[in-house]
Amino acid sequence: MLCGTRGLLRASVAPTAALAAALLSTLARCSLPERGDLRTTALSPYFGTKTRYEDVNPGLLLDPETPRRDPELLAGSCTPVQLVALIRHGTRYPTAKQINKLRQLYGLLQARGPKDKRPGSAESRGLGAALADWPLWYADWMDGQLVEKGRQDMRQLALRLASLFPALFTHENYGRLRLITSSKHRCMDSGVAFLQGLWQHYYPGLSPPDVADMECGPPRVNDKLMRFFDHCEKFLTEVERNATALYHVEAFKTGPEMQNTLKKVADTLQVPVNDLNADLIQVAFFTCSFDLAIRGVKSPWCDVFDVDDAKVLEYLNDLKQYWKRSYGYTINSRSSCTLFQDIFQHLDKAVEQKQRSQPVSSPVILQFGHAETLLPLLSLMGYFKDKEPLTAYNYKKQGHRKFRSGHIVPYASNLIFVLYHCENAKTPKEEFQVQMLLNEKVLPLVHSQETVSLYEDLKNHYKDILQSCQTNEECKLPKVNSTYDEL
Ligand SMILES: *[C@@H]1O[C@H](CO)[C@@H](O)[C@H](O)[C@H]1NC(C)=O
Ligand SMILES: *[C@@H]1O[C@H](CO)[C@@H](O)[C@H](O)[C@H]1NC(C)=O
């Protein structure tokens with residue numbers, strides 16, 4: 001809702017050249033930097049999992065409800081017959097833990113007091129004072145809940161997907177939508193907001209009924225699918241509850257890059273560097289992102305960091321995602337096998353139904369989860385894998401890494417499988433094809449770099465995961481010799 005551009009767009013059905021010009025000039029005015037605004041923009045590519053969806057799809061700032069159709073998307077003789085979407089919840093509040101750390105940081109600033117009279121540091125003193133005066137908007141009850149902007153993320157995504165795949169999001173299919181969600185409020189609320197967006201698509205101008213009264217009903221909770229990591233004993237023991245599993249994250253927090261950033265920040269805030277640590281300044285950095293994503297305001301916290309600091313803090317976030325949710329340990333991705341297989345069971349069923357000339361029973365399946373749901377699955381499929389692991393010691397070398405969580409899993413990120421039925425196929429095998437989209441852009445297949453795959457070829461490429469990955473087996477802890485049980 002940037003300076004009322006939505007209102008401007010809505011004012012006319014077919015934007016005229018004059019309107020477009022007006023729009024552009026409005027935007028130009030909006031983006032005119034009031035002092036320091038450019039910095040916010042400069043930091044936003046480094047917010048990692050706290051990145052706004054608009055930062056990976058900047059066109060949405062201009063028009064959030066119209067899809068930018070990827071030219072690689074199949075058309076013509078191939079018709080989409082099923083869509084399975086995995087969607088991360090929209091923008092959310094900080095967690096209680098983050099809010100707590102932020103409070104700690106505020107305490108430090110208050111304690112600093114007004115006594116500093118060093119010459120030549122008026123600007124820094126100004127920033128320190130601005131930060132101490134900047135209200136702490138966040139309260140414990142907010143604890144990671146979906147914010148209004150997050151509901152808007154979902155409604156707008158729904159509108160775009162419905163216009164992108166009109167053959168699937170037909171009015172008739174509205175009652176056959178299948179929604180699955182993680183039990184977390186932010187995910188359930190995301191599912192509901194998505195449905196409200198669709199309602200707006202089908203019944204423009206009518207306010208949506210309670211979700212319980214909608215034809216498809218409320219999203220169904222399934223944590224075994226959407227929070228598989230909570231149900232995998234091996235992951236919990238070897239990674240989640242293992243103090244040494246995130247060794248590289250901890251080592252980077254005390255490494256030379258972080259020390260350098262800590263010194264700069266301590267100097268800017270005029271607090272003793274020993275009072276600061278990586279966790280505290282990371283939360284300060286996130287506060288810049290939260291204020292921007294949630295409230296659309298530029299917080300003075302953004303002025304504490306320059307782009308070099310932002311890159312260091314981004315790396316810290318990526319290291320954690322890498323070791324806890326991705327290639328760091330095999331179990332991170334293997335624990336998502338069930339979800340992967342579930343997706344292909346839906347696709348298989350749709351293929352069978354088409355082959356028997358029956359209607360596809362679930363043309364649209366929408367699953368609402370977390371960054372922690374999407375990252376393991378993308379890793380299982382081999383995406384964003386760098387030649388070398390991300391470690392505490394190769395920050396410089398990883399400057400051009402593929403694994404940048406802000407590009408992969410911003411708020412409202414989505415991975416979509418589209419199954420197509422193609423007419424005029426020369427062989428039965430060519431009848432069914434698949435495309436994948438990540439954040440509404442076609443994701444080339446890992447094995448071929450093509451933008452489309454025959455369904456059979458895709459299944460063949462992933463046959464190990466489809467046939468030999470059993471979550472029960474994968475998640476079992478290695479057998480301990482019973483002799484050692486007492487130890
Ligand atoms: C914890 O992680 C370390 C590093 O990967 C590993 O060597 C160790 O076996 C793990 N501990 C447990 C209890 O799994
Ligand atoms: C496991 O236990 C058996 C007997 O209880 C013992 O002979 C064997 O050496 C143990 N294996 C290991 C790896 O400790």
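Start at 1 and go down the list; that is how both ligands and their atoms are numbered. Positions are given from 1 along the sequence. No hydrogens, no waters, no symmetry mates; every other heavy atom, side chains included, goes into these values.
For Lys311 and Glu314, the salt-bridge test fails: no basic side-chain N is under 4.0 Å from an acidic carboxylate O. Between Asp153 and Lys149 there is a salt bridge, since at least one side-chain N of the basic residue sits less than 4.0 Å from a carboxylate O of the acidic one. Of the charged side-chain nitrogens involved, none lies within less than 4.0 Å of a carboxylate oxygen, so that Glu352 and Lys349 do not count as a salt-bridged pair. Using a 4.0 Å cut-off between a side-chain N of Lys or Arg and a carboxylate O of Asp or Glu, Lys429 and Asp457 qualify as a salt bridge.
Ring geometry, Phe285 versus Phe305: the interplanar angle exceeds 60°, so the pair is classed perpendicular (tilted spans 30 to 60°).
Protein heavy atoms come within 4.0 Å of atom 5 (O) of ligand 1. For atom 14 (O) of ligand 1, the nearest protein heavy atom lies closer than 4.0 Å.
Among Leu246, Asn242, Thr237, the residue whose heavy atom sits closest to atom 8 (C) of ligand 1 is Asn242.
Listed by atom number, the atoms of ligand 1 under 4.0 Å from Thr244 heavy atoms are 1 (C), 2 (O), 3 (C). In the vicinity of Tyr329, heavy-atom distances shorter than 4.0 Å reach the ligand 1 atoms 4 (C), 5 (O).
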